[in-house]
Amino acid sequence: MDRKAPAQDEPLFVTRPQLPPLEEVMPYLEEIWRTHQLTNKGPFHEQLEAALCDYLGVEHISLFANGTLALVTAMQALRLTGEVITTPYSFVATANALLWNDLTPVFVDVDPVTLNLDPEQVEAAITPKTSAILPVHVYGHPADVDGLQDVADLYGLRLIYDAAHCFGVEDEGGSILRHGDLSILSFHATKVFNTFEGGAIVSPDARAKQRIDYLKNFGFANETTVVAAGINAKMNEFQAAVGLAQLKHIDAAIHARARIDARYREQLAAIPGIRCHTPSTARRHNHAYFPIFVEDDFPLSRDELYFRLREHGIRGRRYFYPLIPEFPMYRNLPGNDRNEWPNAHEAAERVICLPMYSELGQEDQDTVVQAFNPDEI
Ligand code: T4K
């Protein structure tokens, strides 16, 4: 076995990437070395697209070098203009992708329970310049897909989901990735399913996928025709090979996460002032993160607890603090007033994501929970 648990004195990070056994990756590498096909729609790229369509239950996937390039390309593919309404409570890549397309992010507040975009707030922020809505299914919990689609339909807006956290998540109708015009996935090392770096766009039809595939390959439609100012965002054969090997273990990994999630909830329920995030309407969840919120009746503030956990070697993360519009470069954008997002602000001030990964052992989990004990404090 080539995998090792972290040593006793190593910190417990917010995540530890899932890796397939090395011996299962070697045959793929040997094949790459034999064929010298390293990138540009190689056989493993094609196999992974097909395997992911199958696993996720969607029809059209375009693989990307990372999730951020997938987001940037999705906006370009839909020819968005002007303003795009999005969430302040996300990783900065969500809004950065808008700026890369010369679009103006308009941040509106989230629902206090789901922490996903609130359709009513979205509707109230629409102007003649609005071209799209960019919600995030934050922590892998589905946004209000029906409410958001109603608003998009009523106002003729595009709807693009940043589904970076959503690998394998399903609602009652199937994959969460089927909603909206496009959905974007991230396969970064820190995600439930990783290809070291990687990402994808899920498209509703073959023509949308075709345009996206042109855009991720410099805009080439064929050997002699460039149809748009595309970028190089292709996933290479090494990444695709890792993905194929990972896929064989993904169900076991998600099951392990589910067990860890249930155990945290059981153990933390006894601690006043610590609230676990529980909003999901998902039929199948992926347990990508384990966010907790530090309430007023906990003896320490969020930041005091955060640093106390660090002293105990527990490297949780304050995802998503600060809010995107609170970053210096976003502060001066039009319509950017921090008081407009009380729910997002409240969550950002209280959240800590605890270590969550499939190989997190029970002893390590006990170490995490023990650090919340008033006697330890
Ligand atoms: N949209 C959303 C909603 C996203 O959350 C993200 C990415 C994106 C779009 C963009 O997708 P990508 O372009 O990344 O595919 C991390 C990730 O870099 C980022 O992918 C992720 N969201 C974000 C939420 O978290 P950091 O800066 O917090 O990661 P880092 O390097 O501090 O890693 C966290 C911990 O994980 C480390 O303390 C240790 C462990 N780790 C990390 C890496 C990279 C490992 O053990 N091994 C590793 O290789 O951003």
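Both counts, for ligands and for their atoms, begin at 1 and track the order of listing. Basis for what follows: all heavy atoms, side chains included, without hydrogens, waters or symmetry-related copies. Throughout, numbering of the chain's residues begins at 1 and tracks the sequence.
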Worksheet item: Does His165 have its ring centroid less than 6.0 Å away from the ring centroid of His137?
Response: no
Discussion item. I'd like to check which ligand 1 atoms, numbered from 1 as shown, lie under 4.0 Å from a non-hydrogen atom of Ala189.
Written reply: 49 (O)
Worksheet item: Under the side-chain contact (heavy atoms from CB on, under 4.5 Å) criterion, do His45 and Lys234 qualify, and how do the steps go?
Response: CA-CA 9 Å; His45 177 280; Lys234 291 169 271 121; 5.9 Å; no
Practice prompt. Before signing off on this row, confirm whether Arg16 and ligand 1 have an N or O atom pair separated by under 3.5 Å.
Written response: no
Worksheet item: Going by the order shown, which atoms of ligand 1 are within less than 4.0 Å of some heavy atom of Gly198?
Response: 15 (O)
Worksheet item: Got a second to check how far Thr81's OG1 is from Leu103's CG, nearest 0.5 Å?
Response: 7.0 Å
Worksheet item: Can you find an N/O atom of Asp162 closer than 3.5 Å to an N/O atom of ligand 1?
Response: yes
Worksheet item: Of all the atoms in ligand 1, which lie at a distance below 4.0 Å from a heavy atom belonging to Ala164?
Response: 1 (N), 2 (C), 3 (C), 4 (C), 9 (C)
Worksheet item: So, Arg257 and Asp261, do they make that salt bridge, N to O below 4.0 Å?
Response: no
Worksheet item: Looking at Thr94, which atoms of ligand 1 are within less than 4.0 Å of one of its heavy atoms?
Response: 1 (N), 3 (C)
Discussion item. Given Phe64, which partner from the list Ile212, Thr195, Ile184, Val72 fulfils the side chain to side chain contact (heavy atoms under 4.5 Å, CB included) test?
Written reply: Ile212
Discussion item. I'd like to know if atom 50 (O) of ligand 1 has any protein heavy atom within a distance of less than 4.0 Å.
Written reply: yes
Discussion item. Under 3.5 Å, is there a donor on one side chain and an acceptor on the other for Tyr139 and Asn116?
Written reply: no
Fill in: Structural part of Tyr289 in contact with ligand 1, heavy atom criterion under 4.0 angstrom
side chain
Practice prompt. Among all protein heavy atoms, pick the one closest to atom 6 (C) of ligand 1 and tell me residue, atom and distance.
Written response: Phe91 CD2, 3.4 Å
Worksheet, complete the sentence: Of Arg315, Arg317, His137, the residue with the heavy atom nearest atom 30 (P) of ligand 1 is Arg317
Practice prompt. Provide the number and element of each atom of ligand 1 under 4.0 Å from a heavy atom of Ser186.
Written response: 11 (O), 12 (P), 15 (O)
Worksheet item: Ring centres of Tyr55 and Phe193 under 6.0 Å apart?
Response: no
Discussion item. Using heavy atoms and a 4.0 Å limit, tell me yes or no: is Ala70 in contact with ligand 1?
Written reply: no
Response to the item:
Logged contact type for His165 with ligand 1, heavy-atom cut-off 4.0 Å, is side chain
Fill in: Salt-bridge contact Asp251-Arg284 (side-chain N to carboxylate O under 4.0 Å)
yes
Worksheet entry | Glu326 versus His345, side-chain donor and acceptor atoms under 3.5 Å | yes
Practice prompt. May I ask you to identify, for Thr15, whether its side chain, its backbone, both or neither come under 4.0 Å of ligand 1 on a heavy-atom basis?
Written response: both
Fill in: Residues Gln18 and Asn194: side-chain donor-acceptor under 3.5 angstrom
no
Discussion item. Below the 3.5 angstrom mark, is there an N/O of Pro17, backbone or side chain, next to an N/O of ligand 1?
Written reply: no
Response to the item:
ligand 1 atoms nearer than 4.0 angstrom to some heavy atom of Ala93 are 8 (C), 9 (C), 10 (C)
Discussion item. Any donor-acceptor pair under 3.5 Å linking the side-chain atoms of Asp366 with those of Gln267?
Written reply: yes
Worksheet item: Can you tell me the protein heavy atom closest to atom 33 (O) of ligand 1 and the distance?
Response: Thr190 CG2, 3.8 Å
Worksheet item: Is there a heavy atom in Ser90 that sits closer than 4.0 Å to ligand 1?
Response: yes
Item to complete: Flag Lys191 as yes when one of its N or O atoms lies below 3.5 Å from any N or O atom of ligand 1, and as no otherwise.
Response: yes
Fill in: Option whose closest heavy atom lies nearest to atom 29 (O) of ligand 1, chosen from Phe187, Tyr319, Phe13, Phe320
Tyr319
Worksheet entry | Salt-bridge contact Arg350-Asp296 (side-chain N to carboxylate O under 4.0 Å) | yes
Worksheet item: Ion pair present between Arg308 and Glu311, side-chain N to carboxylate O less than 4.0 angstrom?
Response: yes
Worksheet item: Any N/O of Thr68 closer than 3.5 Å to an N/O of ligand 1?
Response: yes
